[in-house]
Amino acid sequence: HFLITLGFDKLTGRIWAGPNAGKAALLAAALWGLNPVALFYAVDALDTVPSLALAVWALVWWTRPGGKTRDTVGGGVLLGLAVAARPHFLPLVFVAPLVRAWLGGKWKPQSRDALTWAGAVAVLLALGIVQLYRCGQFAILPTQGAYNFYAANRPGANGKYYAQKMFFTEIAPGENPARLESEALFSQATGKTAQFSMADINAFWRQQAEASISANPVGWLKLEVKKAYYLLNDFEQYNNETYAWHKAASPWLSWNFLGWGVLLVLAASVLPAAWMQNQSAESTNLPAQLAGILLVAVVYGAGVLLYYASGRFRLPLLPLLCVLAGGWANWPGIFVSSPKVKFVSSLATVLAALVAFSNFFHAHDESTFIQDDLLSANAASTVGDDTQAYALAERALSLDPTRADARRIAVVSFFNLTLSGDPQYDSLAGWRAESKRMQGMNLSDATLALVGGATLWKTGSPARAEALWQAGAAKFGLDSAPAKALAAAQSLRGEAAPSAPPPDSSMLEYLKTPPH
């Protein structure tokens, strides 16, 4: 985050050159560095912020005075690394020479500007070779890209974010839910359950995407228009997390009014005035450099629109708005008294505000809050805060009672809370409510088998509880939680098997104590 702030400080100072360049640079750096959305993603251990830092410094190198070859190639290398970290930057590789020329203040690219390709391609070739060595396939893009493209453009797609059609209660470390879903849906559609490769899956989903768009091109174009609107709207669309949920819950986010909409309005108000003056007295390169920033924004934005307008994918556009908004440091020098300039700037400001702060096509979608509830519930459960986990799971179930993952968190957290004997939870009414929640659940792991048996035991069905624990012991082993619960139950009846593990004293006490 600091590197991005520093990079855009330098970039803004070079574009808005002149006596106010320092002020413009400081303003842009502050708008990004103190931006709550930027800070929110800065502490998110994902790929967007590191890739953005690489891309930012590619642009900085391309604006260095003198236009040296090493800066041209070096910027290409950084852009290639950005693509390796986040494939959304790939479209920028195709227009890199033009971006290099315009940011350098030249409308017409020179032959050496094509060296940007040399730097980027070298990195991508190296990445492909590493993939070939590691997994036997030359590839530079994620393997589930074909399915993501189909999911983002299929009939009924919301255009905002990836919406799962299948939910998995247990995902192994390193597994990707989108990939698991693509494989499961591929098997359902083709009847193939084994002996298929990612190449087979990708070919299938590319075909499905092409067929879907070809069958209804007008509907697809309407979807793209909605995506463009979502991309420009102030609401940060869901991607693993919903920013609006966290903003409301976090004081360090909620107090700061800066965001996409404010920056879009600031950028839209200053850009027409700067452009219409053609060449300012301070910098004859300004129109071309502003065009370079806009070209980066348009090309990157177009790549985003092929998939989803999610907040995390949109993030790299935010600092570009900061660069443009830095032009406000030239007020009032950058504006003239021309009524035409004032009219165009005012119109651009009003249109930007309308697009940013309106709520057409249900842009302010809070239906994803259930995912944030579950994400935070999982985190609370992991660190042993079962009170918080249970409350969040309950809230998620109030939104969707059918969610198996929410039900699992709720019943396990409830069980953990009853271990202390708290009458708020360890009551007959509470256990009966959890018994209803357990109905129909797939007891696919030892923990659920333990809890399922405890629910039967506490609601007056000890024989059924022991039968369930017996099945769990057979499935998960004699060292598993169901086996230990079974041993405690048998010990209470004085019928413990010789081969059974010794009963756990805390479990014995737990089973002895009736609910309140």
Pair Q371, Y161 - check side-chain hydrogen bond (donor to acceptor under 3.5 Å, both in side chains), show working.
CA-CA 12 Å; Q371 296 298 117; Y161 50 81; over 6 Å; no
Given N153 and K227, is the side-chain contact (heavy atoms from CB on, under 4.5 Å) satisfied, shown in steps?
CA-CA 10 Å; N153 296 280; K227 286 184 187 180; 3.1 Å; yes
Residue pair R206, E210: steps toward the salt bridge (charged side-chain N to carboxylate O under 4.0 Å, His left out) verdict:
CA-CA 6 Å; R206 278 194 294 268; E210 292 170 3; 6.0 Å; no
What verdict does the side-chain contact (heavy atoms from CB on, under 4.5 Å) test give for L232 and W260, after you've listed the backbone C-alpha separation in whole Å, the side-chain angles of each residue and the deciding distance to 0.1 Å?
CA-CA 8 Å; L232 296 175; W260 173 271; 4.1 Å; yes
Go through the steps for D373 and L399 under the test side-chain contact (heavy atoms from CB on, under 4.5 Å), then give the verdict.
CA-CA 10 Å; D373 287 336; L399 299 173; 4.1 Å; yes
Stepwise, does the side-chain hydrogen bond (donor to acceptor under 3.5 Å, both in side chains) test hold for R100 with T116?
CA-CA 8 Å; R100 170 69 176 92; T116 55; over 6 Å; no
Where do L185 and Y147 land on the side-chain contact (heavy atoms from CB on, under 4.5 Å) test, with the steps shown first?
CA-CA 10 Å; L185 294 177; Y147 177 70; 3.3 Å; yes
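At least one side-chain heavy atom of L27 sits under 4.5 Å from a side-chain heavy atom of W328. No side-chain heavy atom of D200 sits under 4.5 Å from any side-chain heavy atom of T190. In this structure, the side chains of W16 and N20 stay at 4.5 Å or more apart for every pair of heavy atoms. The shortest distance between side-chain heavy atoms of E236 and R314 falls below 4.5 Å. Two residues are said to be in side-chain contact when any heavy atoms from C-beta on lie closer than 4.5 Å; V56 and F8 meet this criterion. Put simply, the side chain of V83 does not reach to within 4.5 Å of the side chain of I140, judged on heavy atoms. Looking at L78 and V60, their side chains never come closer than 4.5 Å, going by heavy atoms from C-beta outward. Within the 4.5 Å cutoff, no side-chain heavy atoms of N216 are placed close to those of P155.
At distances below 3.5 Å, at least one donor-acceptor pair connects side-chain atoms of Y229 with backbone N or O atoms of F360. In terms of modelled atom types and a separation under 3.5 Å, the side chain of T382 and the main chain of N378 share a donor-acceptor contact. Put simply, the side chain of S187 gets close to the backbone of K192: a donor and an acceptor are under 3.5 Å apart. Remark: side-chain polar atoms of N285 are not paired, donor with acceptor, to backbone N or O of A288 under 3.5 angstrom. For R86 (side chain) and T48 (main-chain N/O), no donor-acceptor pair under 3.5 Å exists by modelled atom type. Looking at W62, its side chain never comes within 3.5 Å of a backbone N or O of L103 through a donor-acceptor pair. With hydrogens and angles ignored, the 3.5 Å screen pairs no side-chain donor or acceptor of N256 with any backbone N or O of L253. Distance alone, capped at 3.5 Å, is enough to place a donor-acceptor pair between the Y230 side chain and the F361 backbone. Panel note: side chain H364, backbone S358; a donor-acceptor pair is recorded below 3.5 Å. Not one N or O on the side chain of W102 forms a donor-acceptor pair closer than 3.5 Å with the backbone of L290.
In terms of heavy atoms, N158 sits closest to A163 at ND2-CB, 3.9 Å. Between I4 and V49, the closest heavy-atom pair is CD1-O, 3.6 Å. Nearest approach of C322 to L263, heavy atoms of both residues: SG-CD1, 3.6 Å. Nearest heavy atoms, P272 versus V344: CB-CG1, 3.7 Å. In this structure, G13 and A21 approach most closely via the heavy-atom pair O-CB, 3.5 Å. For the residue pair F94 and W117, the shortest heavy atom distance occurs at O-CZ2, 3.5 Å.
One finds no salt bridge joining E241 and R312 here, because no Lys/Arg side-chain nitrogen approaches an Asp/Glu carboxylate oxygen to under 4.0 Å.
Within a 6.0 Å radius of CH2 in W252, other residues, nucleotides and ligands contribute more than 12 heavy atoms. Within a 6.0 Å sphere centred on NZ of K247, other residues, nucleotides and ligands contribute more than 12 heavy atoms. The number of heavy-atom neighbours closer than 6.0 Å to CD of Q110, taken from other residues, nucleotides and ligands shown, is above 12. For F343, the CZ atom is loosely surrounded, since the number of other residues' heavy atoms within 6.0 Å does not exceed 12.
Below 30°, between 30° and 60°, or above 60°: for F204 and F186 the angle between ring planes is above 60°, a perpendicular geometry. Classified by interplanar angle (parallel below 30°, tilted 30° to 60°, perpendicular above 60°), the ring pair H88/Y300 is tilted.
Separating the OG atom in S250 from the CZ atom in F40 is a distance of 8.0 Å, to the nearest 0.5 Å. To the nearest 0.5 Å, atoms CH2 (W275) and OG (S345) are separated by 14.0 Å. The CD atom of Q289 sits 5.5 Å away from the CD1 atom of I15 when rounded to the nearest 0.5 Å. In this structure, CZ in R403 is found 14.5 Å from CZ in R408, a value given to the nearest 0.5 Å. Atom-to-atom distance recorded for D372:CG and T242:OG1 is 3.5 Å, nearest 0.5 angstrom. Distance check: K106 NZ to L98 CG gives 11.0 Å after rounding to the nearest 0.5 Å.
Each of L79, D113, L295, I293 was evaluated against V99; a single residue qualifies, L295, per the side-chain contact (heavy atoms from CB on, under 4.5 Å) test.
Between Y307 and F313, the distance separating the two ring centers is not shorter than 6.0 angstrom.
Checked against side chain to side chain donor-acceptor pair (under 3.5 Å), S182 has no partners two or more places apart in sequence or in another chain.
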